[in-house]
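Data first, discussion second: the structure below is written as C-alpha cells.
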Amino acid sequence: MDVSWMTKYLAEFLGTAILIILGNGAVANVDLKGTKGFASGWMTIAWGYGCGVMIPALMFGNVSGNHINPAFTLGLAVSGFFPWAHVAQYIVAQILGAIVGQAVIVTVYRPYYLKTTNSNHILGTFSTIDNVDDGTATSRRGATINGFLNEFFGSFVLFFAALGLTKNFFGAEVIPAIDKLLSSQGGANGAATKVADMDIATKVQQGIVGLTTGNAGSLAVAHLALGFLVMTLVASLGGATGPGLNPARDLGPRILHAILPKSILGESKSDSKWWYAWVPVLAPILAGISAIALFKIIFI
C-alpha cells in the first residue's frame, strides 16, 4: 500500500495503543479487585495479548509493517530491512501509543484500582516485573537475572518466528519467481519488471492476479498466526515476568505509572521499580537484533 510516512507513524501509534488496551486491559481485568474477570486466570491475559498483536497486524500490517515494538524496528534497521531515517519516528510513535493506550485502561478501570490493595497487581497492569522479586533489596539480583533471560529468549523466539511467518509463508516464493521472469524479459515496451509495480489491470492482463491474490491471503493467515504466537509465548514463558517482549509496552506504561498520583491509582500504589525497568527494554532489543540477523544469515 502506497501511503505517506506520516500515515505509517500514525499506524504505529494506533497499533501500539490497541496492543496495550487489549493486552494490559486483560491484565487489569484479571488482577484488579472487583472486576468481573478478577482472578479469572492466566489464559485470559494470554488471549488478550495474542489478540492485541493479531488485530493491529491485520489492520496495519499492509500500512506500516505493524512493528508496534521498538526492538523489532531496531532489529530490522540493523539488518538492513528498514531505513534508519525513520527509526526514531517509529519508536516515538510506539511509546506514545503505549502511554495513550494505558491511559485508556486507567480511565475505564479507575474504580478497581482504588479497591486493589496489592501494589504489584497495580504495577502489573502497567509494566512487568520478575516474580522472583518479593519487595526486598536482596531479591533484586535474582529478579534481574531471571527477568533478563526470560525477556531475551522470549523476545528472540517472537522475532525469529515472526519473520518466519511473514517471509517464509506458504506461497512466498510465487512473487519472487514472477519478478525473475519479468526481469528476464527486460521490461519490454515499458512493461513492469516487478509485481509490486503493476496495477490490478496489468495483473489481470498478465494472468497473474489469482496467484498474487493467493499470496496475499497466505500472508494474512501469517498475521493471524502472529497472534497465536504471542498468546503461546505469554502462556509458556510469561509466568516469570509478564512478559514484556517489547520496550514500548513496558516503558511507556511505566512512565505513566510513575506520574499518576494515588488519588487515581489508589493508596496501595507503590514505586514503579525503576531498578528493573532497563531489563524489558534492553533484553528485547538485543534479542531483536540477534534474531533478525540470524534469520537473515540462514534464509535471506
Side-chain angles (χ1 to χ4, degrees), residues 14-56 68 95-136 139 143 147 150-151 227 230-246 248-277 280:
L14 293 172
T16 311
I18 292 171
L19 164 66
I20 298 301
I21 290 170
L22 298 183
N24 278 1
V27 178
N29 192 25
V30 171
D31 279 357
L32 297 182
K33 188 175 180 180
T35 67
K36 292 187 176 182
F38 181 63
S40 57
W42 191 245
M43 287 308 297
T44 299
I45 296 172
W47 271 102
Y49 266 106
C51 292
V53 170
M54 180 193 300
I55 291 172
I68 61 174
I95 293 175
L96 290 178
I99 293 173
V100 170
Q102 187 64 45
V104 172
I105 299 302
V106 173
T107 300
V108 299
Y109 278 103
R110 182 172 178 265
Y112 309 100
Y113 279 109
L114 298 177
K115 292 181 180 180
T116 301
T117 57
N118 188 319
S119 62
N120 274 348
H121 282 186
I122 292 173
L123 177 60
T125 66
F126 286 77
S127 297
T128 64
I129 183 70
D130 192 276
N131 222 33
V132 171
D133 174 54
D134 60 9
T136 64
S139 68
N150 182 268
E151 291 292 334
V230 171
M231 182 182 73
T232 306
L233 281 171
V234 173
S236 58
L237 296 179
T241 63
L245 313 177
N246 182 335
R249 168 262 184 273
D250 191 276
L251 181 60
R254 197 182 297 269
I255 291 171
L256 190 62
H257 179 272
I259 293 172
L260 292 177
K262 290 185 176 182
S263 59
I264 293 177
L265 295 182
E267 290 301 316
S268 296
K269 176 203 171 184
S270 186
D271 71 287
S272 302
K273 299 187 184 291
W274 285 105
W275 58 267
Y276 181 82

Quick one: CZ on Arg249 to CG on Leu19, what's the gap to the nearest 0.5 Å? 8.0 Å
Which residues satisfy the side-chain contact (heavy atoms from CB on, under 4.5 Å) test with Ser270, sequence neighbours excluded? Ser119
Contact check, side chains of Ser268 and Thr116, non-hydrogen atoms, under 4.5 Å: no
What are the two closest heavy atoms between Phe38 and Leu32, and how far apart are they? CD1-O, 3.2 Å
Using every non-hydrogen atom in the two residues, find where Ala248 and Pro253 come nearest and quote the distance to one decimal. O-CD, 3.3 Å
Tell me every residue that passes side-chain contact (heavy atoms from CB on, under 4.5 Å) with Leu22, counting only those two or more places apart in sequence or in another chain. Ile18, Ile55
Taken in chain and number order and not counting sequence neighbours, the residues that satisfy side-chain hydrogen bond (donor to acceptor under 3.5 Å, both in side chains) with Ser236 are none
Could you please spell out the steps behind the side chain to side chain contact (heavy atoms under 4.5 Å, CB included) verdict for Asp133 and Trp275? CA-CA 11 Å; Asp133 174 54; Trp275 58 267; 3.6 Å; yes
Asp134: side-chain contact (heavy atoms from CB on, under 4.5 Å) partners, not counting sequence neighbours: Thr136, Ser139
Separation of Ile99 CD1 from Leu251 CG (nearest 0.5 Å): 7.5 Å
Please check this pair: side chain of Asn29 against backbone of Thr35, looking for a donor-acceptor N/O pair closer than 3.5 Å. no
Going from CG on Leu260 to CG on Leu265, what distance comes out if it is rounded to the nearest 0.5 angstrom? 5.0 Å
Distance check, rounded to the nearest 0.5 Å: Lys115 atom NZ versus Tyr109 atom OH? 12.5 Å
Gap separating the OH atom of Tyr49 from the OG1 atom of Thr44, nearest 0.5 angstrom: 13.5 Å
Show, in sequence, the C-alpha distance, side-chain angles and deciding distance for Thr241 and Asp130, and conclude whether the side chain to side chain contact (heavy atoms under 4.5 Å, CB included) test is met. CA-CA 4 Å; Thr241 63; Asp130 192 276; 3.4 Å; yes
What residues, two or more places apart in sequence or in another chain, satisfy side-chain contact (heavy atoms from CB on, under 4.5 Å) together with Ala103? Leu256
From CG (Leu123) to CG (Asp271), nearest 0.5 Å: 7.5 Å
If every non-hydrogen atom of Ile264 is compared with every non-hydrogen atom of Leu114, which pair is closest and at what distance? O-CD2, 3.7 Å
Given side chain to side chain contact (heavy atoms under 4.5 Å, CB included), test Asn120 with Lys273 step by step and report yes or no. CA-CA 10 Å; Asn120 274 348; Lys273 299 187 184 291; 3.3 Å; yes
Looking only at heavy atoms, which two atoms of Asn150 and Leu237 are closest? And how far apart? ND2-O, 2.8 Å
Looking at residues at least two apart in the chain, or sitting in another chain, which of them share a salt bridge (Lys or Arg N to Asp or Glu O under 4.0 Å) with Lys269? none
If the condition is ring pair (Phe, Tyr, Trp, His ring centres under 6.0 Å), which residues does His121 pass it with, not counting sequence neighbours? none
Just by modelled atom types, is the Gly252 backbone N or O under 3.5 Å from a matching donor or acceptor in the Gln102 side chain? no
Smallest separation among heavy atoms of Cys51 and Pro56, with atom names: O-CD, 3.9 Å
Which heavy atom of His257 sits nearest to which heavy atom of Ser272, and what is that distance? ND1-OG, 2.7 Å
Neighbour count above 12 (heavy atom, 6.0 Å) for Tyr276 OH: yes
Can you name the residues that form a side-chain hydrogen bond (donor to acceptor under 3.5 Å, both in side chains) with Asp250, not counting sequence neighbours? Thr128, Arg254
Do Asn24 and Thr125 have side chains that approach each other closer than 4.5 Å (heavy atoms only, starting at C-beta)? no
Side-chain heavy atoms of Val234 within contact of Trp42, under 4.5 Å: yes
Please list all pairs meeting salt bridge (Lys or Arg N to Asp or Glu O under 4.0 Å) that have one or both residues in residues 31-45, counting only residues at least two apart or in different chains. none
Under the side-chain hydrogen bond (donor to acceptor under 3.5 Å, both in side chains) rule, collect the residues that match up with Ser127, sequence neighbours excluded. none
Among residues at least two apart in sequence or on other chains, which ones pass ring pair (Phe, Tyr, Trp, His ring centres under 6.0 Å) with Tyr113? Phe126
